[in-house]
Participant: 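My questions will all concern the structure given below.
All figures in this text were calculated on a predicted structure; none of them were measured in a lab. A, B, ... follow the sequence lines: proteins, then strands. Residue 1 opens every chain.
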2 protein chains.
Amino acid sequence: MKSALEKLNRIDRHILRELQADGRITYAALAERVGLTTTPCIERVKRLERDGYIKSYTAAVNPEQLDAGLIVFVQIRLDRTSKQSFEEFKNALIDLPEVQECYLVSGNFDYLVKARLADMAAYRVFLQDTLLSVPGVQGSTSIMVMEVVKETLAIPVPYS
Amino acid sequence: MKSALEKLNRIDRHILRELQADGRITYAALAERVGLTTTPCIERVKRLERDGYIKSYTAAVNPEQLDAGLIVFVQIRLDRTSKQSFEEFKNALIDLPEVQECYLVSGNFDYLVKARLADMAAYRVFLQDTLLSVPGVQGSTSIMVMEVVKETLAIPVPYS
DNA sequence: ACTGAAAGTTCCACAGA
DNA sequence: TCTGTGGAACTTTCAGT
C-alpha cells in the first residue's frame, strides 16, 4: 500500500506547502517559487483541487477581535439506549456557529465539542440553553482553555 | 465596553464572511459582492489585515489524503514542581508538525494536545518517542477520534 | 508535460468629488 | 470614503516542442 503522500511528486508537495502558507499568492509568484512557468503551475493547482487535496481557500480571522476569544471543550455523554439520539445530536450541533469542531470519540463520553464563545457569560448560556437542551444529552464535562500554545490549520507536507 | 464586532461596519463584516468562504476571490468579485468598486474594497481588506482581523490566508488541504487521517487528543499532566517544565514543554511541542493544537487547560491535567497522525502505528511512536519523552511529563490520557462530525475554521460573523 | 506569447482581466495608484 | 481611469501585473488560452 502506497502512502498517500507518495502519489504526489515533489513539485505538487511544494505547491501544497506554499498555498497553505499563503493562500492568496498569485500563480505567477507560486510558479516562480516552485520552479515552473505559470501554465503548468496552474494546471497542477487545478488538479490538486479536482483530486481533493485542496478542499478550499480561506482567510484566517482573529477570534480575539471577533467575540470568540474563549475556547471551551465540552465532553458530552448521550443516552445510549436510542440510536436516534446520535443522529439528532449531530444534526442539532452541526449548524451551531459557536461549534468549531465536533468529534465522536472513544472513552467514557461520546462526543467532544470545541466551541468558541465571547466570554463566560456566553458560555453559560450556550451550555445550558443550547448544548444541554438537545434531546438525549445525559451529561457534560467542560474543559476551559486558559492559554493557546499552538493553533495551526496546516497539514505538514514533507520534503519542501 | 463595546463588543469587538461593533467596531466593524456591515461592509467589513461582509468582507470577512466572503474571504472566509473563499480566500482566493478576486478583489473585483469581492467588491461586487459587497456593493463597492474595487478601490475602496481593497482599502478595507488591507485595513482588516493591518488591524489584525485577518491573520493570514491559507489553502485547506485534505488530511485524509496526506497521511494525517487519524486525529487524537492527548491530555498531558506535567510535573508541577518546577516552573521550568511548562516553558520546556511548550518549546518542545510548538515545533512538532503532528501537533495541530495545544492548549493550557483547567482541570486535572495541564495540557490538551490535538495531533494528526497517519495511523495507530504512527500514533504509538508519536506518544512514546515524542510526547512522553519530553522532560517533566508525568502522564497522559489519549482520546481517539472515531468520526469527525464537524470541523470548520470559520469564525461566525453575523448580519451578512 | 513544459515553454512562450497573445488576449483578456485584475490590480492598484492617482486624480477628482 | 467613494468613483473612475490608465498603466502594470496577472490570468488564461493556445500553438508549438
Participant: By nearest atom, which of the nucleotides D:dT13, D:dC10, C:dC11 is closest to the B:Tyr27 side chain?
Facilitator: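 So the side chain of B:Tyr27 is nearest to C:dC11.
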Participant: In whole angstrom, what separates A:Lys46's NZ from D:dT11's P?
Facilitator: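 The distance from NZ of A:Lys46 to P of D:dT11 comes to 10 Å, rounded to the nearest Å.
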Participant: Distance only, no hydrogens: is a donor on one side chain within 3.5 Å (strictly under) of an acceptor on the other, for B:Lys114 and A:Tyr103?
Facilitator: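 Their side chains do contain a donor-acceptor pair, which is all the 3.5 Å distance test asks for.
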Participant: Within 45° of the axis and under 6.0 Å from the centre of the six-membered ring of B:Tyr27, does NZ or CZ of A:Arg24 qualify?
Facilitator: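 Judged by the rule, A:Arg24 and B:Tyr27 form a cation-pi pair.
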Participant: For B:Gln100 and B:Arg116, which I'm curious about, is there any donor-acceptor pair between the side chains at under 3.5 Å?
Facilitator: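 Judged by distance alone, the side chains do pair up.
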Participant: For A:Ile15 and C:dA1, give me the distance from atom CD1 to atom P, rounded to whole Å.
Facilitator: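 Checked: the CD1 to P distance equals 12 Å.
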Participant: So, taking the atom named CG in A:Leu153 and the one named OG1 in A:Thr58, what distance separates them when rounded to the nearest 0.5 Å?
Facilitator: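 These two atoms lie 8.0 Å from each other.
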Participant: When you measure only distances, ignoring hydrogens and angles, does the side chain of B:Thr39 come within 3.5 Å of the base of D:dG4 through a donor and an acceptor?
Facilitator: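 Per atom types, the contact qualifies.
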Participant: When the nearest nucleotide of DNA chain D is assigned to B:Pro40 and to A:Thr26 on a heavy-atom basis, which residue is associated with the more 5' position?
Facilitator: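 Whichever sits nearer the 5' end wins; that is B:Pro40.
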Participant: By nearest atom, which of the nucleotides C:dC11, D:dT12, C:dT3 is closest to the A:Ile42 side chain?
Facilitator: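 My answer, after comparing the listed nucleotides, is D:dT12.
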Participant: Looking at D:dC2, C:dA5, C:dC14, which one has an atom nearest to any side-chain atom of B:Leu36?
Facilitator: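 Minimum distance to the B:Leu36 side chain belongs to D:dC2.
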Participant: Measure from the side chain of A:Thr38, starting at C-beta and using heavy atoms only, and say which of D:dT12, C:dA1, C:dT3 lies closest.
Facilitator: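 Of all the options, the side chain of A:Thr38 is nearest to D:dT12.
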Participant: Check the distance between C:dC11's C1' and B:Glu49's CD and give it to me in whole angstrom.
Facilitator: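 In whole Å, C:dC11 C1' lies 14 Å from B:Glu49 CD.
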Participant: Nearest-Å distance, CD (A:Glu32) to C1' (D:dT11)?
Facilitator: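 The answer, rounded to whole Å, is 16 Å.
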Participant: Does a nitrogen or oxygen in the side chain of A:Arg24 sit under 4.0 Å from OP1 or OP2 of D:dC10?
Facilitator: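 No, A:Arg24 has no side-chain N/O under 4.0 Å of OP1/OP2 on D:dC10.
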Participant: What is the separation between atom CG on A:Leu30 and atom P on D:dT12, rounded to the nearest whole Å?
Facilitator: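 After rounding, the gap between these two atoms is 13 Å.
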Participant: Measure from the side-chain heavy atoms of A:Arg44 and tell me the nearest of D:dC10, C:dG4, C:dC2.
Facilitator: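 Given the options D:dC10, C:dG4, C:dC2, the side chain of A:Arg44 is closest to C:dC2.
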